[in-house]
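Working notes, beginning with the structure itself.
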Amino acid sequence: MSWITYHEGVLKILGIQVGFGNLDLPHLVMILVGLGFITLAILKEWEPYELLPIGAGMILANLPLTGLTSQPEPGMAPGMAGVLGIILKYGLYTWTILPQFIFFGIGALTDFSPLIANPRAFLLGAAAQVGIYSSFLGALAVGLIWPDWGFSLKEACSIGIIGGADGPTTIYTTGLLAPDIMGITATAAYSYMAMVAIIQPPIIKMLTSKAQRETYMKPMLRPVSRPERILFPIVAMLLIILIIPKSAPLVGFLLLGNLFRESGVVERLSNTAQNELINIITILLMLGIGASMPADRVMDPRTLLVLFLGLAAFCVGTGAGVIFGKIMSKFSKEPFNPMLGAAGVSAVPMSARIVHHMGQQANKKNFLLMHAMGPNVAGVIGSAVAGGYFLGLFINF
Amino acid sequence: MNPAPVDWGVAFRIVGGGILVVFLIMSLLAIATTIMGKIFTAREAKKKAAAKDAAAKEAAA
């Protein structure tokens with residue numbers, strides 16, 4: 001074999017079998033983005049349980065020639081499907097079961113007592129969903145300015161739902177309506193949830209006066225009895241699902257998890273839902289989300305628009321919550337701090353903590369955490385309802 | 001990608017319907033929870049009063 005033939009052979013092998021030979025700029029950029037997510041998760045502790053596996057999934061999916069994202073297909077030879085491809089196909093695209101089990105775990109982890117003790121918080125949770133619909137319209141308006149980058153109705157619903165600041169709802173809704181943008185909408189939702197402390201305070205300050213932020217509220221809510229806590233998920237489940245049946249996969253699982261928790265008779269199941277189950281599903285779901293972002297999809301100018309519209313939805317949701325809080329404070333017999341409205345975007349418990357922190361900054365006597373948890377958990381229900389409403393428009397199960 | 005032209009009438013109906021449905025459901029939940037709270041608070045108060053009466057009777061006896 002001549003020296004030249006030998007080198008041609010080596011180069012051929014490099015081109016076909018070695019990753020470096022197949023690493024192009026878009027994939028390299030995506031790997032760097034994945035590394036960025038991992039850095040933020042480790043150094044800044046921004047939503048580490050989500051952003052770290054998303055970043056890892058992103059890196060693994062964008063490394064060339066791994067076959068990790070090959071999805072199983074009929075007639076495929078055994079072992080040819082990649083693990084990330086299997087997660088994507090069965091967990092997210094075809095069966096879409098992972099977000100529901102996350103909701104089940106969240107339900108088992110959530111204490112609805114602050115909401116049951118203060119039912120008007122439901123309305124704040126509703127008001128904050130306005131952001132979803134504003135970005136839905138915004139996404140549709142993109143086509144008026146840049147016709148080539150316009151979004152369809154289903155994509156607009158998926159973009160709007162980012163404003164609910166609720167990862168599983170965003171993933172479930174987008175997975176069914178616009179799977180092509182699922183990775184980016186889910187990452188946007190989790191990223192903005194991680195940035196609540198940066199996004200919300202300026203909006204709250206802009207919309208409230210110092211006197212309004214200082215409004216003192218008694219720190220204690222009435223104690224909620226066990227029968228109430230048991231009845232709440234049952235009543236809420238029946239009521240919501242009978243009005244919007246398509247919200248059942250989300251609302252049903254959320255409240256089922258909560259019933260397990262509050263019943264007090266299935267402690268092992270509740271503990272499993274709160275710990276092992278939600279942890280396992282989080283690993284699978286977040287790796288899948290990371291893997292659903294191959295370079296060709298993300299390196300699209302429309303991705304930037306999705307990120308911008310998602311952020312706008314989150315900001316409008318916060319603003320709408322605060323404005324509704326101001327309206328409620330006018331009609332409230334007791335002092336009512338309008339900042340509580342900002343906690344209506346789900347982002348549990350970060351936005352409740354932000355409101356509490358800002359309340360203490362304005363008035364050291366204030367202890368708003370329990371008051372803010374009410375709208376915060378109402379927001380989870382509200383965004384699941386909004387997601388179910390969108391699904392009801394387009395999907396026939 | 002160039003999606004079909006937007007029917008703004010449909011879009012605004014979706015928005016209107018969505019906001020209405022979210023507020024309707026959340027209001028119904030608020031009402032149901034308030035009623036539930038009133039019933040259980042009254043029951044608790046009744047229980048406490050009965051226990052107090054029983055304790056008073058016991059003390060008198």
Side-chain angles (χ1 to χ4, degrees), chain A residues 112 115-130 132-134 136-137 140-141 143-144 147-157 160 180 222-228 231-232 235-236 238-240 243-244 247 251 300 302 378 381-383 385-386 388-390 392-393, chain B:
Chain A
F112 282 108
L115 182 61
I116 301 170
N118 179 23
R120 63 184 168 174
F122 275 107
L123 298 177
L124 294 172
Q129 308 312 317
V130 168
I132 292 176
Y133 299 103
S134 69
F136 165 80
L137 288 176
L140 292 177
L144 296 177
D148 287 344
W149 293 351
F151 295 101
S152 66
L153 276 176
K154 287 182 180 179
E155 286 174 327
C157 292
D180 277 355
R222 77 169 173 85
V224 176
S225 63
R226 183 166 169 251
E228 272 182 276
L231 261 182
F232 173 74
V235 170
L238 292 173
L239 196 88
I240 297 169
I243 296 175
I244 303 198
S247 68
V251 172
D300 178 340
R302 294 201 321 154
I381 297 175
S383 56
V385 167
Y389 169 75
F390 280 147
L393 295 172
Chain B
M1 186 164 173
N2 202 348
V6 178
D7 182 337
W8 286 99
V10 171
F12 279 104
R13 270 204 301 278
I14 290 174
V15 170
I19 293 175
L20 187 77
V21 159
V22 171
F23 269 96
L24 172 77
I25 289 180
M26 299 303 252
S27 304
L28 288 174
L29 284 172
I31 293 165
T33 313
T34 306
I35 293 169
M36 229 163 61
K38 288 218 159 114
I39 293 169
F40 282 101
T41 312
R43 218 184 71 164
E44 290 285 314
K46 233 180 194 179
K47 261 187 190 173
K48 270 185 191 167
K52 214 177 174 183
D53 279 357
K57 273 180 192 168
E58 218 171 79

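This structure is a prediction, so every number in the text was calculated from the model and none was measured. Here is how names work: the chains are called A, B, and so on, in the same order as the sequence lines, proteins then strands, and each is numbered from 1. Side-chain atoms are counted along with the backbone in the values below, which use heavy atoms only and exclude waters and symmetry mates.
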Would a 4.5 Å heavy-atom cut-off, applied to side chains only, mark [X] and [Y] as touching?
X      : Y      : answer
B/I14  : A/F390 : yes
A/I240 : B/L29  : yes
A/R120 : A/L124 : no
A/F136 : A/C157 : yes

Notebook entry, point to check: Where does B/I39 contact chain A at under 4.5 Å (heavy atoms): side chain, backbone, both or neither?
Noted result: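 No part of B/I39 comes within 4.5 Å of chain A.
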
Heavy-atom contact with chain A under 4.5 Å, split by part of B/A32: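 For B/A32, the side chain is the part near chain A, not the backbone.
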
| query | Using 4.0 Å as the upper bound for N to carboxylate O, is an ion pair formed by A/R222 and A/E228? | reply | yes

*Counting heavy-atom pairs under 4.5 Å to chain B, which of A/V224, A/L144, A/V130 comes out on top?*
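That would be A/L144.
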
Residue selection (most heavy-atom pairs with chain B, distance under 4.5 Å) from A/V235, A/L231, A/I132, A/L115: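 Option with the greatest count: A/L231.
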
Which atoms of [X] are under 4.5 Å from chain B, going by heavy atoms: the side chain, the backbone, both sets, or neither?
X      : result
A/L239 : side chain
A/L153 : side chain
A/F232 : both
A/L137 : both
A/A141 : both
A/A117 : neither
A/A127 : both
A/L123 : both

| request: Specify the closest pair of heavy atoms between B/V22 and A/G382, including all atoms of both residues, with the distance to one decimal. | output: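 Answer, listing the atom of B/V22 first, then A/G382: CG2-O, 4.4 Å.
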
For the backbone of B/V15 and the side chain of A/Y133, can you confirm whether one donor and one acceptor N or O come within less than 3.5 Å of each other? no

Quiz prompt | Side-chain donor/acceptor of A/R302 to backbone N/O of A/G150, under 3.5 Å | solution =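 Judged by distance alone, yes, a pair lies under 3.5 Å.
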
